[in-house]
Amino acid sequence: MTEQDERFMRRAIALAQRGIDAGAGGPFGAVIVKGSEIVGEGCNRVTSTNDPTAHAEVVAIRNACQKLNSFQLDGCVLYTSCEPCPMCLGAIYWARPTKVFYAATREDAAQIGFDDQFIYEEIEKNFEHRQMKLVNLMRDEGLTVFENWTNKTDKTKY
């Protein structure tokens with residue numbers, strides 16, 4: 001870890017505190033860096049925006065992608081004040097940064113009431129054993145849209 005990494009992590013942690021102070025949401029902050037420049041940042045805004053997806057990492061990813069005019073974060077590094085939850089981890093994988101640094105662990109977050117363990121456990125279960133029921137409906141119609149995508153010649157692949 002370098003001095004620059006520590007500086008960006010301090011910024012992520014400061015954003016977490018700023019979010020708390022502003023009443024934006026939970027105690028989480030994130031920064032996305034390309035080279036030595038911050039290209040995106042965010043704090044948790046779940047309760048202030050009534051958006052359950054407005055976690056710090058997702059807010060930062062949206063901010064960085066808009067600034068970079070790209071749906072991927074090639075060559076970027078993400079710094080987050082806490083180990084990403086399953087939703088954020090999925091978003092991070094889709095955004096494809098090079099590396100992720102985190103400060104607090106998911107166990108630390110669980111100690112203050114942000115426990116994602118049940119989601120990790122649910123993901124490992126077969127559909128029929130999950131608390132939330134997932135029901136396959138109108139598959140043929142859904143597959144028609146997939147076929148249309150497959151045949152589209154001017155699509156942007158990702």
Side-chain angles (χ1 to χ4, degrees), residues 1-127 130-132 134 145-146 149 152 154-158:
M1 191 148 61
T2 68
E3 207 172 285
Q4 177 174 287
D5 292 326
E6 290 178 2
R7 187 181 62 171
F8 291 129
M9 183 59 79
R10 280 190 189 91
R11 176 67 181 159
I13 293 167
L15 286 167
Q17 184 63 52
R18 184 186 292 177
I20 293 171
D21 296 344
F28 306 99
V31 172
I32 298 173
V33 175
K34 187 162 191 166
S36 60
E37 176 190 357
I38 293 176
V39 294
E41 58 183 26
C43 65
N44 182 290
R45 300 186 156 286
V46 170
T47 57
S48 62
T49 61
N50 295 318
D51 179 355
T53 68
H55 288 200
E57 296 92 337
V58 173
V59 171
I61 289 168
R62 290 173 181 161
N63 184 261
C65 286
Q66 187 173 37
K67 182 173 184 176
L68 296 172
N69 196 32
S70 175
F71 54 84
Q72 294 183 339
L73 298 174
D74 299 323
C76 293
V77 177
L78 190 148
Y79 299 83
T80 180
S81 64
C82 186
E83 183 178 350
C85 75
M87 177 187 69
C88 292
L89 193 56
I92 290 165
Y93 270 97
W94 280 114
R96 296 178 177 93
T98 304
K99 187 183 280 188
V100 176
F101 288 96
Y102 63 92
T105 67
R106 69 187 198 196
E107 292 82 12
D108 298 329
Q111 290 291 318
I112 62 164
F114 294 93
D115 191 354
D116 300 323
Q117 188 58 38
F118 77 97
I119 298 173
Y120 288 104
E121 291 169 4
E122 283 286 297
I123 289 170
E124 292 195 15
K125 294 178 184 177
N126 292 329
F127 283 170
R130 291 183 183 173
Q131 289 181 8
M132 183 178 297
L134 281 79
V145 178
F146 280 10
W149 170 259
K152 185 175 173 59
D154 62 341
K155 62 188 168 211
T156 301
K157 293 184 180 182
Y158 60 99

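The environment of CD in E107 is crowded: more than 12 heavy-atom neighbours from other residues, nucleotides or ligands sit within 6.0 Å. With a 6.0 Å radius and a threshold of 12 heavy atoms from other residues, nucleotides or ligands, K155 has its NZ atom above the threshold. Residue-environment remark: OH (Y93) stays at or below the threshold of 12 foreign heavy atoms within 6.0 Å. By the 6.0 Å contact criterion, CD on Q66 is open, its count of non-hydrogen atoms from other residues, nucleotides or ligands being 12 or less.
In this structure a side-chain-to-backbone donor-acceptor pair under 3.5 Å is present from R130 to K125. A donor-acceptor pair is defined here as one N or O able to donate and one able to accept, closer than 3.5 Å; no such pair exists between the side chain of R62 and the backbone of A60. Side-chain atoms of D108 come within 3.5 Å of backbone atoms of T105 as a donor-acceptor pair (strictly under, hydrogens ignored).
Residues N63 and I32 form no side-chain contact, since every pair of their non-hydrogen atoms from C-beta on lies 4.5 Å or further apart. For the pair R96/L73, no side-chain contact is recorded, criterion being any heavy-atom separation below 4.5 Å from C-beta on. When side chains are defined from C-beta on, L68 counts as touching C76, because their heavy atoms get closer than 4.5 Å. I112 has its side chain within reach of P27: a pair of non-hydrogen atoms, C-beta onward, lies under 4.5 Å apart. Inter-residue side-chain proximity for C43 and R18 is flagged as unmet; no heavy-atom pair is nearer than 4.5 Å. Residues M87 and E57 are not in side-chain contact: their nearest non-hydrogen atoms beyond the backbone lie 4.5 Å or more apart. Between I119 and C85 the shortest side-chain heavy-atom distance does not fall below 4.5 Å. When side chains are defined from C-beta on, R10 does not count as touching F8, because their heavy atoms never get closer than 4.5 Å.
Residues that satisfy the side chain to side chain contact (heavy atoms under 4.5 Å, CB included) test with A16, not counting sequence neighbours, are S81.
Q4 and T2 are not linked by any side-chain donor-acceptor pair at a separation below 3.5 angstrom, with hydrogens and angles left out of the test.
Of the charged side-chain nitrogens involved, none lies within less than 4.0 Å of a carboxylate oxygen, so that E37 and K34 do not count as a salt-bridged pair.
Heavy-atom minimum distance, A91 versus V58: CB-CG2, 4.2 Å. Taking all atoms of both residues into account, the shortest heavy-atom contact from K67 to I38 is NZ-O, 3.6 Å. Taking both residues in full, the closest heavy atoms of Q72 and W94 are given as CG-O, 4.4 Å, listed atom of the first, atom of the second, then distance. Pairing each heavy atom of C82 with each of A109, the nearest pair is SG-CB, 3.8 Å.
Aromatic rings from F114 and F28 are positioned such that their centres are separated by under 6.0 Å.
One distance of note links CE of M132 with CD of E122; it measures 8.5 Å at 0.5 Å rounding.
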Exercise. Should I61 and L78 be marked as a side chain to side chain contact (heavy atoms under 4.5 Å, CB included) after you check the CA-CA gap, both sets of side-chain angles, and the distance that decides it?
Worked result: CA-CA 9 Å; I61 289 168; L78 190 148; 4.3 Å; yes

